[in-house]
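A quick note: this is a predicted structure, and the numbers were derived from the prediction, not measured.
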Amino acid sequence: AYASARRDGNLTDARQAAELSWNSGRFPGENADPANVKVWGIDASLDSLTRAPGGQPEPTLFGELAMRLWLPLLEAEQVQWL
């Protein structure tokens with residue numbers, strides 16, 4: 001969610017998209033995924049993932065890694081509408 005929003009918008013939009021995807025609400029978010037619970041703990045906040053500083057243009061290590069992993073996939077993605 002972060003990489004997709006960051007590619008198409010600004011840092012604030014990307015952070016908000018990541019929060020919506022990460023946090024549980026009416027439905028479980030990514031923070032409820034068993035692998036994330038094991039690593040980050042129960043009900044971990046997105047802030048716990050974004051504490052490590054990054055470089056430019058991403059201010060956090062989370063942002064750097066998200067862009068490094070997802071941007072090439074998003075750029076190669078081909079969507080076909082039926």
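Contact between Ser45 and Ser48 at its shortest, heavy atoms only, is O-OG, 2.5 Å. Here the closest heavy-atom approach between residue Ala32 and residue Ser24 is recorded as CB-OG, 3.7 Å. What you find for Pro72 and Met67 is that their closest heavy atoms are CD-O, 3.7 Å. Between Asp13 and Asn10, the shortest heavy-atom contact is N-OD1, 2.8 Å. The two residues Ala5 and Ala14 come nearest to each other via the heavy atoms CB-CA, 3.6 Å.
In this structure, Glu58 and Tyr2 have side chains that are in contact, with non-hydrogen atoms separated by less than 4.5 Å. Counting heavy atoms from C-beta on, the side chains of Glu75 and Leu71 come closer than 4.5 Å. In this structure, the side chains of Arg15 and Leu46 come closer than 4.5 Å at one or more pairs of heavy atoms. No side-chain heavy atom of Trp22 sits less than 4.5 Å from a side-chain heavy atom of Asp33. Arg51 places none of its side-chain heavy atoms less than 4.5 Å from the side chain of Leu61. Within the 4.5 Å cutoff, the side chain of Trp40 has no heavy atoms near those of the Asn31 side chain.
Under a cut-off of 6.0 angstrom, the local environment of CG in Asp43 is sparse, with at most 12 non-hydrogen atoms contributed by other residues, nucleotides or ligands. Dense packing is recorded around CZ of Arg7, with more than 12 heavy atoms of other residues, nucleotides or ligands lying under 6.0 Å away. For Leu73, the CG atom is densely surrounded, since the number of other residues' heavy atoms within 6.0 Å is greater than 12.
In this structure Leu20 satisfies the side-chain contact (heavy atoms from CB on, under 4.5 Å) test with no other residue, sequence neighbours excluded.
Here the straight-line distance linking atom CZ of Arg6 with atom OG1 of Thr12 works out to 9.0 Å at 0.5 Å rounding.
A continuous path of Ile, Leu, Val, Met, Phe, Trp and Tyr side chains, each step under 4.5 Å between heavy atoms, connects Leu49 with Leu11, placing both in one hydrophobic cluster.
For the pair Glu30 (side chain) and Asn36 (backbone), a donor-acceptor distance under 3.5 Å is absent.
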